[in-house]
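Heads up: the structure comes next, in structure tokens.
A, B, ... follow the sequence lines: proteins, then strands. Residue 1 opens every chain. What you see is a predicted model, and the numbers here were worked out from it, not measured in a lab.
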Amino acid sequence: MKSASKLRLYNTLEQRLEDFSPIQPGKVGLYVCGPTVYDVPHAGHARSAIAFDVLVRHLRARGLEVTFVRNITDIDDKILARARQNGEEPLQLSARMTQVYSDDMGALHCLLPTHQPKVSDHLQEIIETVSTLIEQGAAYEVELPHGGRDVYFSVRAFEGYGKLSRRKLEDLEAGARVEKNDLKRDPMDFALWKAATEDGYGWPSPWGKGRPGWHIECSAMSTKYLGFGFDIHGGGMDLIFPHHENEIAQSEAAHPHQGPFARVWLHNGFVNVDKEKMSKSLGNFVTVRDVFDRNDPEGFRYFLLTVQYRGPLTFDSEKLDDGRVIFPGVDEAERRMDYLYSTCHRLRTLAEGAEPSAAKEPADLAAIRKVMTSARDKVSAALDDDLNTPVALAVLAEIAKYSNDLCDLAIKRRKDASWVVCARQLARQALEVLDACTQVLGLLRTPHEQYVERTRERRLRLRNLSQAQVEAKISERAQARKNKDFERADALRAQLEDWGIEMADGVEGTTWKVLV
RNA sequence: GGCGAGGUAGCCAAGUGGUUAGGCAACGGUUUGCAAAACCGUCAAACGCCGGUUCGAAUCCGGUCCUCGCCUCCA
């Protein structure tokens with residue numbers, strides 16, 4: 001698709017918006033820091049995944065060939081600790097959590113990365129990178145008292161240290177916690193390779209049995225799949241320091257005089273709960289599963305797109321009088337998804353049986369046509385502006401409003417045959433536009449029936465209702481209405497409304513849905 | 001202490017020199033047996049506070065108050 005505007009992205013490295021142009025025309029190499037799989041994913045993982053998913057979708061819609069790499073860190077001290085706690089093999093734990101991560105991100109309609117490398121499959125590459133750094137004089141080995149050897153990166157050996165996070169070594173050291181580890185030449189030096197733990201967990205290496213340090217896997221794996229010096233590197237804001245700073249140091253020290261490790265650095269903002277960063281220690285931690293228990297995955301995705309990716313996103317929970325815990329923001333987003341799905345359904349009904357026609361378009365359709373014709377470009381322009389998803393969602397709202405207007409008009413003018421043919425054609429265009437605009441955002445990706453069914457099922461469960469129970473009450477009310485006993489019908493409706501059931505009385509009977 | 005982000009109507013959230021953001025809630029209307037949904041309208045002469053630049057500032061500059069984040073594992 002051709003684009004009028006230029007894609008602009010906020011580059012953390014330069015601290016400003018920059019026009020994006022790929023190193024190799026038409027192709028983009030993107031590396032995003034994925035999860036350390038020691039636990040189930042939380043709302044923050046979802047936010048990061050969705051932000052970069054929209055980036056990938058947008059780049060591809062712009063006609064770029066994207067190689068998207070997102071790692072899985074399946075060897076890490078947190079995994080070791082948790083596995084020991086569980087009495088489980090570390091790699092078994094990480095495999096289990098990797099599966100949960102894939103399932104959850106899949107449910108959120110995040111596209112699969114082109115490559116999803118795991119640390120456990122890349123020890124060779126990691127060891128080679130560490131060896132190169134030792135050869136370059138950027139890293140050194142340290143003999144440990146109880147045997148075994150660590151390898152550390154020497155921050156003093158890399159001139160540009162601190163360029164991403166705008167930190168000076170002196171400032172860092174002034175504020176640094178005093179480390180007991182006096183084996184390091186400089187307090188800011190960090191581990192590339194760590195000797196095996198006391199229980200002997202580790203992999204063979206030139207420095208004895210051990211395991212990789214935290215940052216090195218991303219340097220080794222990104223370079224393997226994208227080559228050194230790729231287009232975009234992304235991750236959460238908390239990774240700027242030390243993770244990404246250290247990645248840059250390692251990677252550029254291993255490839256001297258070859259330019260920057262990555263051109264553009266993108267960082268998504270946090271998910272906050274009660275204005276504070278979500279974290280386990282504060283007890284305000286919300287997992288993706290917690291949300292899925294109460295809300296539709298697409299509603300959650302919509303919610304995560306209501307704020308531009310760099311800003312903080314507040315995720316609040318509320319306890320109702322009946323004891324239910326809800327996420328009001330996600331509920332609101334899910335209602336918007338209901339609205340989009342029902343709009344789409346109405347359009348489809350109207351579009352059925354459309355035939356080509358040379359009839360001149362009626363005046364009352366011109367404004368609607370205009371909205372439909374410009375919408376896709378507006379979404380594209382919004383995403384070009386540093387992935388401004390709230391503006392893109394506003395365009396969706398406009399499409400939906402005018403679509404519903406069209407459907408309302410079609411009811412009023414159903415007897416005007418030539419008008420209806422034009423309206424059908426316009427409905428077809430609206431459907432195409434809506435599909436294109438939601439495709440790039442990863443929304444409205446579920447068949448209508450399936451969406452209706454799964455949301456109904458979940459909402460009934462949350463309200464402790466059964467479908468039979470609701471339908472019995474509905475038909476009781478239908479009978480009362482048939483008998484013109486409106487007092488009874490209204491009383492039954494009041495009961496149903498109390499259950500959270502919304503009814504619509506149509507010519508072909510009453511349809512209903514459960515409210516979020 | 002160092003570095004960074006932000007304070008926009010009842011709530012959420014775009015905008016970053018002049019022209020509608022959008023959504024939710026509330027209220028009024030069209031429609032309906034009554035409703036709901038949908039659409040229209042109102043709330044909206046909103047931009048933390050104080051100065052300054054400018055014909056014109058939510059937007060630029062200076063100061064100030066407040067909130068949050070990173071500096072230690074974190075998306």
Side-chain angles (χ1 to χ4, degrees), chain A residues 12 15 32-36 38-39 41-52 76-78 81 162 165-168 170-177 179 188 214 234-243 245 267-272 274-281 285 302-303 305-314 316 328-329 331-333 335-336 338-339 342-343 346 378 382 385 388-398 400-409 411-412 481 484-487 489-490 493-494 496-497 501-506 510-513 515:
Chain A
T12 307
Q15 290 189 302
V32 176
C33 283
T36 299
Y38 70 104
D39 206 343
H42 53 66
H45 290 108
R47 186 177 191 200
S48 181
I50 285 171
F52 293 107
D76 173 271
D77 285 1
K78 284 194 295 297
S165 56
R166 319 235 146 208
R167 286 171 165 85
K168 295 188 187 103
E170 300 74 57
D171 296 341
L172 282 168
E173 290 177 10
R177 198 169 54 179
E179 294 238 10
M188 292 313 297
W214 174 31
M237 252 166 200
D238 47 355
L239 296 179
I240 294 172
F241 190 89
H243 186 57
E245 194 67 63
H267 292 96
N268 65 276
F270 294 120
V271 174
N272 295 328
D274 295 328
K275 289 195 168 186
E276 279 178 317
K277 180 181 166 180
M278 193 175 78
S279 76
K280 286 192 169 171
S281 53
F285 195 79
Y302 188 108
F303 172 72
L305 295 175
T306 57
V307 181
Q308 200 259 359
Y309 78 96
R310 282 195 289 125
L313 183 140
T314 302
D316 284 330
D331 281 355
E332 187 182 321
R335 285 184 211 110
R336 295 302 291 168
D338 278 8
Y339 171 71
S342 78
T343 301
R346 292 185 80 192
K378 283 188 191 168
D385 184 18
N388 195 332
T389 51
V391 168
L393 292 178
V395 178
L396 287 191
E398 192 183 32
K401 189 164 77 169
Y402 279 82
S403 294
N404 278 305
D405 196 17
L406 172 67
C407 294
D408 284 354
L409 270 176
I411 293 166
K412 282 182 196 151
R481 290 182 74 217
K484 302 265 189 235
D485 184 356
F486 292 121
E487 205 174 312
D490 289 351
R493 183 177 55 206
L496 281 156
E497 278 171 352
I501 307 298
E502 176 185 284
M503 286 143 280
D505 299 326
T510 300
T511 57
W512 61 277
K513 67 182 263 192
L515 296 173

Gap in Å between the two [atom1] atoms, one belonging to [N] and one to [M], rounded:
N	M	atom1	answer
B:A46	B:A25	P	24 Å
B:C55	B:G63	P	24 Å
B:C60	B:G29	P	43 Å

Quick one: side-chain hydrogen bond (donor to acceptor under 3.5 Å, both in side chains) partners of [X], sequence neighbours excluded?
X	answer
A:Asp408	A:Arg346
A:Lys401	none
A:Thr12	A:His267
A:Asp405	none

Protein-nucleotides 14-18 of chain B N/O pairs under 3.5 Å:
from, atom 1, to, atom 2, distance (Å)
B:A14, OP1, A:Gln308, N, 3.0
B:A14, O3', A:Asn388, ND2, 2.9
B:G15, OP1, A:Asn388, ND2, 2.9

Legend entry - Those residues that, when tested against A:Thr511, pass side chain to side chain contact (heavy atoms under 4.5 Å, CB included) (two or more places apart):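 A:Thr511 satisfies side chain to side chain contact (heavy atoms under 4.5 Å, CB included) with A:Ala504 once adjacent residues are dropped.
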
Legend entry - Under the side chain to side chain contact (heavy atoms under 4.5 Å, CB included) test, residues paired with A:Asp505 that sit two or more places apart: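 In terms of side chain to side chain contact (heavy atoms under 4.5 Å, CB included), with neighbours along the sequence ignored, A:Asp505 is linked to A:Arg477, A:Arg481, A:Thr510.
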
Every protein N/O lying under 3.5 Å from an N/O of nucleotides 33-37 of chain B:
from, atom 1, to, atom 2, distance (Å)
B:G33, N7, A:Arg481, NH2, 3.4
B:G33, O6, A:Arg481, NE, 3.0
B:G33, N1, A:Asp490, OD1, 3.0
B:G33, N2, A:Asp490, OD1, 3.3
B:G33, N2, A:Asp490, OD2, 2.7
B:C34, O2, A:Asp490, OD1, 3.4
B:C34, O2, A:Arg493, NH1, 2.7
B:C34, O2, A:Arg493, NH2, 2.4
B:C34, N3, A:Arg493, NH1, 2.9
B:C34, N4, A:Asp505, OD2, 3.1
B:A35, N6, A:Asp505, O, 3.4
B:A35, N1, A:Asp505, N, 2.9

Legend entry - Residues forming a ring-ring contact (aromatic ring centres under 6.0 Å, His included) with A:His243, sequence neighbours excluded: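 Testing A:His243 for ring-ring contact (aromatic ring centres under 6.0 Å, His included), a comparison that skips the adjacent residues, returns A:Trp214, A:His215.
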
Legend entry - N-O pairing of A:Asp338 and A:Arg335 below 4.0 Å: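 Salt bridge absent between A:Asp338 and A:Arg335.
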
Please produce a list of atom pairs where a protein N or O lies less than 3.5 Å from an N or O of nucleotides 23-29 of chain B.
from, atom 1, to, atom 2, distance (Å)
B:G23, O3', A:Arg336, NH1, 3.0
B:C24, OP1, A:Arg336, NH1, 3.0
B:C24, O4', A:Glu332, OE2, 3.0

Legend entry - A:Glu398: partners by salt bridge (charged side-chain N to carboxylate O under 4.0 Å, His left out), with sequence neighbours left out: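 With neighbours one apart ignored, the set is A:Lys378.
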
Legend entry - Where RNA chain B forms stems, i.e. three or more consecutive Watson-Crick or G-U pairs with both distances under 3.5 Å: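 Ordered by first number, the stems with RNA chain B (at least 3 consecutive pairs each) read B:1-7 with B:65-71, B:10-12 with B:22-24, B:26-30 with B:38-42, B:48-52 with B:60-64.
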
Inset, instruction - For A:Gly235, report the nucleic acid contact type (base, sugar-phosphate, nothing); a contact means any heavy atom under 4.0 Å. - result: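 Sugar-phosphate contact only.
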
Inset, instruction - Could you pick out which residue, A:Asn404 or A:Arg47, lies toward the 5' side of RNA chain B when each is mapped onto its nearest nucleotide? - result: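 With A:Asn404 and A:Arg47 compared, the 5'-side residue is A:Asn404.
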
Legend entry - Proximal nucleotide (of B:G69, B:A75, B:C71) relative to the A:Arg167 side chain: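 Per side-chain heavy atoms of A:Arg167, the pick is B:C71.
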
